[in-house]
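See below for the structure under consideration.
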Amino acid sequence: MDIQSFLESGILESYVLDQCTPEERQQVEQMARDHAIVRTELEAIESAMSNYAQAHSLQAPEGLREKILQAATQPQAPTHAGPASDAVDQPASSSANRIINILFAVIALAMAAYVLRAQQQSKDFEAQITDLKTQLQACNDRSDKNRQIAAFIRDRDTRSILLTDGQNLKITVFSNELRQETYLDMSGIFTPSKGLYFQFWAIVDGAPVSLGMVDLQAPGGLQPFKYVANAQAYAISQENTPEGSKLPTIVVAQGKTS
Amino acid sequence: MLRKTSPHREQAGHTQMQQQQLIERLRQQDSQALGQLYDAYANALFGVMIRIVQSKELAEQVLQDTFLKAWRNAAAYDSTKGKLFTWLLNIARNTAIDATRTAHFKNSAVTENIETLLSQPGTQGINPETLGLKELIGRLDEKYRQLIDFIYFKGYTQEEIAEETGIPLGTIKTRLRYAINELRNLFEEHQTA
């Protein structure tokens, strides 16, 4: 490929935008090494994209700088301290020597014990912090999940379909074609008798399509199911096995989508 | 057609020599160098991240991840392959774009309207030159700006855009090249003005 075609191929733009394959990247780098004009073009594209990024500058959050520096420079665990090695005038007598050596040994042992205890405490604290982080993450995950569900329900494209038994039972299905999501609201469902299970269905072209078994313990009270296009109705059936059936056994509630 | 070459702006905040010294100190795990890196580039990176993840909290997390990645991988930076800011930008963009591709983010309700976010106190552009650059970008034809935004802020590849829009890949590549050329013209006029 001649230089001009190479410059006009768009590969340099892809390189700067980090969208090249490894082979393309190597090719660009080789061409840049071999041809000054390629280097110049690359630098000019880089400069344009840098300016583009600069144009969108926003003040970074306060305190983040310190947070990053702290995270980057985690303090090291204290190292095992050796015995003091100050030069000491040697006493003339050997018994004095022995006493001094014993004293040093005791001090060294005490320091070692202190350091080991500090290390153990540090490990304990780290374990506690890890545990707290895990709990916090779990809380955040639950909170996120609840926000997801709230956003789904508030979405103007989400439709609600009421399933009833014609009497008191009312169960809501939320469905969103654009998001391709369907949720079943547990709040209207009663606990079935022992040995019985609920199965959720979509009716498509007059035929029931199983969406799965109902989990009354679904987090947040809403159970997600796969979205089925062109569902004319939804239904809940009562089944005798936890795996459900190929066809509804006893329909306990149903509702049309339109 | 060959473009006339002209001196381009040095990366924000650092001359080439200063960049080289900075990266050397980063490789030696000099934390002051990390602080200087932050001071030079955090605002530009944060602005890009907000555009990508559209959430202040997530952008803050991604910004932190970016600088920590740069800190831990300073040895991987090769000055012969591009400027320091470009290297950082690509780490930042990839980290932010990856964050938007998690299942968690896709269903998250924490995304904020981008215009609301940008109108909040403390989230304004930070200096007149930034505002000037922003004004220049506003002069770019809408379809070119959208194309750059799709690639730069939404992480679409040119192939994905071609597939989504039905526009031939060759046309997309030509338009992108044209769009970036136009940006170059606008920025160079601004510098020489």
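Chain letters run A, B, ... following the sequence lines, proteins first, then strands; residues in each count from 1. The basis for the numbers below is simple: all heavy atoms, side chains too, and nothing from hydrogens, waters or symmetry mates.
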Quiz item: How many angstroms lie between atom CG of B/N181 and atom CD of A/E41, to the nearest 0.5 angstrom?
Solution: 7.0 Å
Quiz item: Counting only heavy atoms not in B/E163, do more than 12 fall under 6.0 Å of its CD?
Solution: no
Quiz item: Taking atom CD of A/Q232 as the centre, does the number of heavy atoms from other residues, nucleotides or ligands within less than 6.0 Å exceed 12?
Solution: yes
Self-check item: Least distance between heavy atoms, B/F187 atom then A/A48 atom
Solution: CE1-O, 3.3 Å
Practice problem: For B/R184 and A/A44, work out which heavy atoms get closest and say how close. | Solution: NH2-CB, 3.4 Å
Exercise. Could you grab the distance from atom CZ of B/F46 to atom CG of A/L64, nearest 0.5 Å is fine?
Key: 8.0 Å
Quiz item: Is a donor on one side and an acceptor on the other found under 3.5 Å between the side chain of A/E46 and the backbone of B/K83?
Solution: yes
Quiz item: Between B/A42 and A/A60, what is the shortest heavy-atom contact and its length?
Solution: CB-CB, 4.2 Å
Practice problem: Please examine the side chains of A/E13 and B/Q158, heavy atoms only from C-beta on, and report whether any two atoms are closer than 4.5 Å. | Solution: no
Practice problem: Please tell me if the side chains of A/T73 and B/L34 come closer than 4.5 Å, counting only heavy atoms from C-beta onward. | Solution: no
Quiz item: How close do B/Q36 and A/R65 get, heavy atom to heavy atom, and via which atoms?
Solution: N-NH2, 4.2 Å
Quiz prompt | chain A contact via B/L89 - side chain, backbone, both or neither, heavy atoms under 4.5 Å | solution = side chain
Self-check item: Within-4.5 Å side-chain heavy-atom neighbours: B/T86 and A/M49
Solution: no
Exercise. Could you grab the distance from atom CG of B/L183 to atom OG of A/S47, nearest 0.5 Å is fine?
Key: 10.5 Å
Exercise. With a 4.5 angstrom heavy-atom cut-off, could you sort out which part of A/L42 is near chain B: side chain, backbone, both or neither?
Key: neither
Exercise. Evaluate whether atom CD of A/E62 has more than 12 neighbouring non-hydrogen atoms of other residues, nucleotides or ligands under 6.0 angstrom away.
Key: no
Practice problem: Could you tell me whether the side chain of A/L12 reaches within less than 4.5 Å of the side chain of B/R177, counting heavy atoms only? | Solution: no
Quiz item: What distance separates A/L58 CG from B/K56 NZ, expressed to the nearest 0.5 Å?
Solution: 9.0 Å
Quiz item: Between A/Q19 and B/E160, is any pair of side-chain heavy atoms under 4.5 Å apart?
Solution: no
Quiz item: Could you go step by step and tell me if A/E29 and B/K81 meet the salt bridge (charged side-chain N to carboxylate O under 4.0 Å, His left out) rule?
Solution: CA-CA 7 Å; A/E29 287 163 6; B/K81 295 182 181 174; 3.7 Å; yes
Practice problem: For chain B, find which of A/S14, A/A71, A/G10, A/P61 contributes the most heavy-atom pairs closer than 4.5 angstrom. | Solution: A/P61
Quiz item: Can you tell me how far CG of A/D18 sits from CG of B/N94, rounded to the nearest 0.5 angstrom?
Solution: 5.0 Å
Self-check item: Option that, when pairs with chain A are counted at under 4.5 Å, heavy atom only, ranks first among B/I172, B/I151, B/D65
Solution: B/I151
Quiz prompt | Residue A/E177 excluded, over 12 heavy atoms near CD under 6.0 Å | solution = no
Quiz prompt | Atom CD of A/E24: over 12 foreign heavy atoms under 6.0 Å | solution = yes
Quiz item: Got a donor-acceptor contact below 3.5 angstrom from the B/R93 side chain to the A/L17 backbone?
Solution: yes
Quiz prompt | Heavy-atom pair of closest approach, residues A/A72 and B/W71 | solution = O-NE1, 3.2 Å
Self-check item: Region of B/Y156 that comes under 4.5 Å of a non-hydrogen atom in chain A
Solution: backbone
Quiz item: CG of A/D34: more than 12 outside heavy atoms within 6.0 angstrom?
Solution: yes
Exercise. Quick one: pull up OG1 in B/T80 and CZ in A/R33 and give me the separation to the nearest 0.5 Å.
Key: 7.0 Å
Quiz item: Can you tell if the side chain of A/Y52 reaches within under 4.5 Å of the side chain of B/D149, non-hydrogen atoms only?
Solution: yes
Quiz item: For B/R145, is it the side chain, the backbone, both, or neither that has a heavy atom closer than 4.5 Å to a heavy atom of chain A?
Solution: both
